[in-house]
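Contents: one structure, followed by commentary.
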Amino acid sequence: MSKPWRIGILGGMGPEATVALMSRLIAATPARDDADHIPLLVDMNPQVPSRIARLIEGRGEDPGPVLAEMARGLERAGARALAMPCNTAHHYAPVIREAVSIPFIDMVDLAARQAMAKAPEGAPIGVLGSPALRQIGIFDAALARHGGRAAYPSDQSALLKAIRDIKSAGPSDAAAAILGTAAADLAAQGARVQLVACTEFSLIAHAAAEKAEAIDTLDMLVEAMIGFAFGGASGPHKGEGGGECRSMSGATDIINDRETRHV
């Protein structure tokens with residue numbers, strides 16, 4: 001097994017989701033010994049300004065500059081790529097990419113591509129996540145790039161309540177019931193394939209899987225991180241920008257370029 005590359009994680013949004021990402025990454029890595037695992041640099045920063053307050057309520061500090069500084073710090077510390085286990089925070093992906101010269105692994109685009117590969121032709125893709133996702137249209141845009149369209153549960157306020165409850169008290173049967181009801185709503189709209197598009201909901205993803213074929217965006221991020229870390233003998237280097245790439249298993253190449261630097 002080749003020596004894996006070091007990946008930086010922009011974490012803390014929320015903390016339990018960041019730990020879940022790391023746990024799933026360890027479980028999914030084909031390691032025979034400690035040294036076979038992927039080296040990680042984790043900026044666990046729960047003080048990143050609230051994405052929900054900024055995007056839904058129109059108040060509070062802009063998370064963009066904070067995320068950009070986190071990204072720069074991870075690059076300076078030796079990260080060869082960046083990952084962020086928060087779907088809503090991907091709204092700030094352009095700011096993060098502009099701040100660094102290493103790839104940003106985009107789980108929103110990866111999940112949209114996977115959903116389109118699995119969904120029946122013409123069927124909508126269900127999106128289970130923060131109401132902010134619908135407002136900013138991040139999955140609408142990602143799915144449209146691959147010829148698809150998004151569908152959303154009718155009761156967005158219930159989803160927001162479940163997210164806040166998980167953030168404050170952890171996963172619960174009540175939150176799982178809310179997610180299950182939302183997944184059933186989407187299935188009734190014709191969305192047989194649904195994205196678990198909030199990393200708090202990744203902690204109760206089984207509730208969605210009971211109603212439809214659920215794709216957890218956190219699992220897509222894990223797969224992409226492993227593909228990047230073990231994808232080849234050479235790849236993007238800090239400060240280079242002319243098409244250096246590293247192949248990934250089951251996904252497009254990561255291109256280290258100012259305009260197209262994502263997977």
Side-chain angles (χ1 to χ4, degrees), residues 13-14 16-17 20-21 24 51-52 55-57 85-91 106-224 250-251:
M13 303 169 281
E16 197 164 0
L21 169 66
R24 292 188 192 187
R51 286 69 57 204
I52 289 174
L55 297 173
I56 296 179
E57 300 166 0
C86 177
N87 291 271
T88 304
H90 275 62
H91 176 70
D106 189 331
M107 72 175 175
V108 169
D109 190 70
L110 286 165
R113 186 180 299 127
Q114 179 73 356
M116 289 306 299
K118 289 181 173 291
E121 185 174 357
I125 304 298
V127 179
L128 295 161
S130 162
L133 297 178
R134 186 173 191 173
Q135 288 190 215
I136 62 181
I138 190 169
F139 275 98
D140 296 88
L143 289 165
R145 286 195 295 270
H146 302 288
R149 59 188 176 91
Y152 296 90
S154 303
D155 192 348
Q156 292 284 297
S157 61
L159 291 175
L160 183 57
K161 179 182 185 304
I163 292 168
R164 285 176 164 158
D165 287 350
I166 293 171
K167 284 182 179 291
S168 66
S172 67
D173 290 343
I178 290 172
L179 187 62
T181 298
D185 178 356
L186 288 173
Q189 296 181 45
R192 292 167 51 187
V193 174
Q194 301 179 15
L195 294 172
V196 178
C198 173
T199 45
E200 274 69 46
F201 289 159
S202 294
L203 305 174
I204 53 170
H206 64 276
E210 294 169 0
K211 307 295 182 181
E213 182 172 1
I215 298 172
D216 191 337
T217 60
L218 195 64
D219 289 335
M220 298 303 303
L221 185 56
V222 166
E223 180 181 335

* Asked: Taking atom SG of Cys198 and atom CG of Leu128, what is their separation to the nearest 0.5 Å?
  -> 10.0 Å
* If you measure from CG on Leu179 to CD1 on Ile204, what distance do you get to the nearest 0.5 Å? -> 4.5 Å
* Asked: Can you check whether Arg51's main-chain N or O pairs, donor with acceptor, with Thr88's side chain at less than 3.5 Å?
  -> no
* Asked: If we only count heavy atoms from C-beta on, is the Ile215 to Met220 side-chain gap below 4.5 Å?
  -> yes
* Structure fact -> Residues pairing under salt bridge (Lys or Arg N to Asp or Glu O under 4.0 Å) where one sits in residues 116-128, two or more places apart or in two chains, turn out to be Lys118-Glu213
* Asked: Looking at Ala191 and Ile125, what are the two nearest heavy atoms and their distance?
  -> CB-C, 4.3 Å
* Using side chain to side chain contact (heavy atoms under 4.5 Å, CB included) as the criterion, point out the one residue from Val222, Thr217, Leu21 that pairs with Pro85. => Leu21
* Structure fact -> CZ of Arg145 to CE of Met116, rounded to nearest 0.5 Å, is 12.5 Å
* **Partners meeting side chain to side chain contact (heavy atoms under 4.5 Å, CB included) with Ala187 (sequence neighbours left out)** => Gln194
* Heavy-atom closest pair, residues Leu218 and Ser202 -> CB-OG, 3.6 Å
* **side chain to side chain contact (heavy atoms under 4.5 Å, CB included) between Asp219 and Gln114, intermediate numbers included** => CA-CA 11 Å; Asp219 289 335; Gln114 179 73 356; over 6 Å; no
* To do: Using a 4.5 Å cut-off on heavy atoms from C-beta on, say whether the side chain of Arg164 contacts that of Ile52.
  => yes
* **Gln189 versus Tyr152, closest heavy-atom pair with distance** => NE2-O, 3.0 Å
* Does Ile56 reach the side chain of Ser130, with side-chain heavy atoms less than 4.5 Å apart? -> yes
* Please lay out, stage by stage, how Lys211 and Thr181 fare under the test side chain to side chain contact (heavy atoms under 4.5 Å, CB included). => CA-CA 9 Å; Lys211 307 295 182 181; Thr181 298; over 6 Å; no
* **Qualifying residues under side chain to side chain contact (heavy atoms under 4.5 Å, CB included), relative to Ala162, sequence neighbours excluded** => Ala175, Ile178, Phe201
* To do: Could you pull out the closest heavy-atom pair between Asp140 and Arg134, with the gap in Å?
  => OD1-O, 4.4 Å
* Asked: Can you name the residues that form a side chain to side chain contact (heavy atoms under 4.5 Å, CB included) with Asp165, not counting sequence neighbours?
  -> Lys161
* To do: Would you name the heavy atoms of Leu159 and Pro153 that are closest together and state the gap between them?
  => CD1-CG, 3.7 Å
* Listed once per pair and sorted, the salt bridge (Lys or Arg N to Asp or Glu O under 4.0 Å) pairs that draw on residues 182-210, sequence neighbours left out -> Lys167-Glu200
* To do: Considering non-hydrogen atoms only, spot the tightest contact between Leu195 and Ala111 and give its length.
  => CD2-O, 3.7 Å
* **Set of residues satisfying side-chain hydrogen bond (donor to acceptor under 3.5 Å, both in side chains) with respect to His206, sequence neighbours excluded** => none
